[in-house]
Amino acid sequence: MPTRKVQSRPRQSGSTRTGNAGELHQLAGAGHPPLTTNQGLPVSDNQNSLRAHPRGPTLLEDFILREKITHFDHERIPERIVHARGTAAHGFFELTGSLADYTTAKIFTEVGEKTPVFTRFSTVAGGAGSVDTPRDVRGFAVKLYTKEGNFDIVGNNIPVFFIQDAIKFPDLIHAVKMEPDRGFPQAASAHDTFWDFISLTPESMHMVMWAMSDRTLPRSLRMIEGFGIHSFRLINAAGDSTFVKFHWRPRLGLQSTVWDEAVKIAGADPDFHRRDMFEAIQSGGFPEWEFAVQLFTEEEAQAFPFDHLDATKLIPEELVPLKVVGRMVLDRWPDNFFAETEQVAFCPSHLVPGIDFSNDPLLQGRLFSYLDTQLSRLGSANFHQLPINAPKCPFANQQRDGHMQMMVPKGRVAYEPNTLAADSARESPATGFRSAALAESGERGRVRSETFADHYSQARLFFRSQTGIEQAHIASALVFELSKVETVHVREAMVGHLLNIDPSLGQRVADGLGLDALPKAPEPAAPIIDMAESPALQIIGKMLDTLEGRAIGILVADGSDAGLVAALKKAAIDAGASVKIVAPKVGGAKLADGSRLPADGQLAGTPSQLFDAVAVILSDAGAAALAKEGAAIDFVRNAFGHLKAIAIDHGGQVLLQQAGVEPDGGVVSAHDSGAFIAVAKTRQWAREPSVRTLA
């Protein structure tokens, strides 16, 4: 494949930059000091790590990369720098289809075997004390305690990433975190430093499309996909290797919230996703995912119109279909949040025999960074001895001592090989880990392959593959985010990139920002190609026609019809939903038949944004009372505005009228529970243009 000495980048509007280190300095203007290491050594290239050749592995020799990553890894004590806000659960992985033709890893060859797992979901940008529902990427990390050692699949709910090379990760996170001079915003990307960095990093454009989509506003952690992101290798008994990408697919299907709803959930319940996961497990509705792989050879990869080693690219399912080979079920909540959820340590370098890495330069940097981070965060090289991190298979080596050593090694030998201890651990040439036998050749240097130069084609693929509703949400999210950016030239630069992704998208965002004229689109570093659309990238098009795992809220007050409430509750439960009764007082309500119905939530503290659909069952007197209550008006107004199905009786209709809600096809009679269940299975997307202006 062709290579080049420096990564060429598109010009920015009003700029002469093309992307190498000297031109970056020129762009910044005169008077800026040279970038140096902490020892004062001027850095010639801060964009690329040192590789054996343009598509080769990153070299341990790269002291600049290691210094930068090491400093970044140690910036938080002891909180994680990223993925600090997390929720986790125990469970098991069960293999349903053997991959013995591709790998010797027992986790992928022993069909029917159940392997213990611990899975942690997280937000990226916010601190441990932030909320669950900001617009953010979700971490999806799975620790599998296999017979051959721990295997960690450390990924996200998005299959691509912002950057191609790990050397840029500190810059990315510094840009998205709260601005250092003012300490805000927390857990938000809608500010100048993030979009300034992104506008100067064309390789981020594909990830930006995902980040601005509804993928970053999940309804539940039980309803997100997980991706290993990078290409890995599977190695079989003959030593042959096959590339693989890992996928987790939720049994409940994908579902997201809408932006206004996500914002209001954050105020109503900052722990919304954590509580949802906890309640699902406690009720026996165990979250479950299919495990699937994409398998492809080196020869097949050469024919792709992109480089699979580029973490800003995905392999469309239509090009390489997914093969489902297992499932993961989470069935036990941690006994102690700190000891397990907080102290768990994931590392992409935790592998088992039969699996190996690829030369993806982002993955190559992660192999160093994660271990280094755990040493800082958990304070000791012995973090693997913590119960949540310890393998469930026997493990032994000659490593000794260190801070917080919890084991008591015996004997005089602490080295290998030796002749003084017959029972000491030895290497296992026949069954131990072996790296793939690869020939690496080429000129080493801080270079990026020419095959990494296309920054817009897959961003275009993602945007054009969405439904019209989802495209409008992406455009509106971009308008919202960029409207928070105070620096005009940053807004204009981003619109220029969007014009390259899709001219209609750029125009919509420009109109939403009120730009007087369109900026010039930057010159792409590589030709933009129109790839076949991939419906698999949608959410709305993939949503399951089900209420399983969803929640229905029924608003009642004194005098509500007991039979109607009971019928709706039964219908919802029979359809797989959970039901919560909401009343003006937490003690419940006295129904028309004289019975008292306990409440699961008090009206002011249990708004409709916590549910997937709602029913409003009120007597005339109850409706008259609640018509004067702002929380009740907001309950129905927000449910309607968030595109949810609403079941009403006569009293409920009175409350809707008081709230100024004009019923549509998603508002049905509470006396027809079947009709309510049917419309409650999806959002009322046709309603959206009547309740909000989208870009």
Side-chain angles (χ1 to χ4, degrees), residues 121 123 132-140 155-160 206-227 229 247-263 265 272-273 276 287-290 292 314-318 322 458-478 480-481 501-502 505 533-551 609 611-613 642-645 666 679-689 692 694-695:
F121 308 91
T123 55
D132 272 350
T133 58
R135 179 181 295 281
D136 201 355
V137 181
R138 269 35 181 210
F140 195 124
N156 289 328
N157 73 321
I158 289 174
V160 295
H206 186 197
M207 180 68 169
V208 163
M209 291 295 99
W210 285 82
M212 295 298 105
S213 78
D214 294 344
R215 294 273 182 158
T216 50
L217 302 174
R219 153 65 179 87
S220 166
L221 299 175
R222 299 175 290 129
M223 301 169 194
I224 62 173
E225 292 181 320
F227 303 91
I229 301 176
H247 297 251
W248 301 102
R249 313 198 76 166
R251 188 179 64 83
L252 296 177
L254 295 172
Q255 185 170 322
S256 292
T257 61
V258 294
W259 171 240
D260 182 73
E261 180 184 15
V263 171
I265 289 173
F272 180 69
H273 287 153
D276 173 83
E288 183 175 336
W289 286 262
E290 290 180 333
L314 58 80
I315 303 176
E317 294 179 30
E318 293 81 0
L322 269 63
Q458 288 214 353
R460 175 178 292 182
L461 163 69
F462 180 80
F463 180 74
R464 293 184 176 177
S465 296
Q466 305 303 302
T467 63
I469 297 165
E470 290 167 294
Q471 288 181 349
H473 290 174
I474 292 170
S476 298
L478 285 160
F480 174 86
E481 295 264 325
I501 294 171
D502 185 274
L505 174 62
E533 292 180 8
S534 174
L537 301 178
Q538 300 173 3
I539 292 180
I540 292 177
K542 294 171 62 175
M543 287 182 65
L544 300 182
D545 185 28
T546 182
L547 273 178
E548 186 177 359
R550 277 66 174 176
Q609 50 262 36
F611 305 108
D612 296 280
H642 297 153
L643 316 181
K644 295 173 183 178
V679 295
K681 291 179 179 179
T682 185
R683 298 291 176 120
Q684 312 306 304
W685 298 113
R687 179 190 300 163
E688 191 161 33
R692 65 179 55 89
L694 296 173

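The structure presented is a predicted model; accordingly, all values stated were derived computationally and were not measured. Only heavy atoms go into these numbers, but all of them, side chains included; no hydrogens, no water, no symmetry mates.
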Hey, are the side chains of [X] and [Y] touching, using non-hydrogen atoms and a 4.5 Å cut-off?
X	Y	value
I224	F121	yes
E261	R683	yes
N156	V137	yes
V258	L643	yes
E548	R251	yes
I501	Q458	no
P287	L221	no
H273	R138	yes

Evaluate M209 against L505 for side chain to side chain contact (heavy atoms under 4.5 Å, CB included), listing each step before the verdict.
CA-CA 11 Å; M209 291 295 99; L505 174 62; 3.8 Å; yes
[X] side-chain N/O to [Y] backbone N/O, donor-acceptor pair under 3.5 Å:
X	Y	value
T257	L217	yes
N157	G226	no
S465	S534	yes
S476	L694	no

Working to the nearest 0.5 angstrom, can you tell me the gap between [X] [atom1] and [Y] [atom2]?
X	Y	atom1	atom2	value
E317	L537	CD	CG	7.5 Å
D132	F272	CG	CZ	9.0 Å
M543	L252	CE	CG	11.5 Å
I474	I469	CD1	CD1	12.5 Å
H473	I540	NE2	CD1	6.0 Å

State which residues pass side-chain hydrogen bond (donor to acceptor under 3.5 Å, both in side chains) with [X]; sequence neighbours excluded, sorted by chain then number.
X	value
T546	none
E225	R215, R249, K542
E533	none
D276	R219, S220, R222

Looking only at heavy atoms, what is the nearest atom pair of [X] and [Y], with distance?
X	Y	value
T216	A211	OG1-O, 2.7 Å
P159	L314	CG-CD2, 3.9 Å
I158	I229	O-CG1, 3.8 Å

Return the set of residues passing side-chain contact (heavy atoms from CB on, under 4.5 Å) with [X] (not counting sequence neighbours), or none when no residue passes.
X	value
A686	none
A645	A613, F676, V679, A680, Q684
P689	none
S256	D214, I539

Any pair with a residue in residues 461-472 that passes salt bridge (charged side-chain N to carboxylate O under 4.0 Å, His left out), sequence neighbours left out, goes on the list, sorted by first then second residue, please.
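As it turns out, the salt bridge (charged side-chain N to carboxylate O under 4.0 Å, His left out) pairs with a partner in residues 461-472, which skip direct neighbours, are R464-D502, R464-D530.
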Judged by modelled atom types alone, do Q609 and D260 share a side-chain donor-acceptor pair under 3.5 Å?
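Short answer, no.
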Q538 and T467 side chains, donor-acceptor separation under 3.5 Å
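T467 vs Q538: no donor-acceptor pair found between side chains.
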Is there a side chain to side chain contact (heavy atoms under 4.5 Å, CB included) between S213 and F463 once you walk through the steps?
CA-CA 9 Å; S213 78; F463 180 74; over 6 Å; no
Any residue meeting ring pair (Phe, Tyr, Trp, His ring centres under 6.0 Å) with [X], in chain and number order, not counting sequence neighbours:
X	result
H642	none
F611	none
F227	H247

With side chain to side chain contact (heavy atoms under 4.5 Å, CB included) as the criterion, how do M223 and R550 come out once you've worked through the C-alpha distance, each side chain's angles and the decisive distance to 0.1 Å?
CA-CA 10 Å; M223 301 169 194; R550 277 66 174 176; 3.8 Å; yes
W289 and F140 aromatic centres sub-6.0 Å:
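Yes, the ring of W289 comes within the 6.0 Å limit of the ring of F140, centre to centre.
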Output, in order, the C-alpha distance, side-chain angles, deciding distance and verdict of side chain to side chain contact (heavy atoms under 4.5 Å, CB included) for E290 and W248.
CA-CA 6 Å; E290 290 180 333; W248 301 102; over 6 Å; no
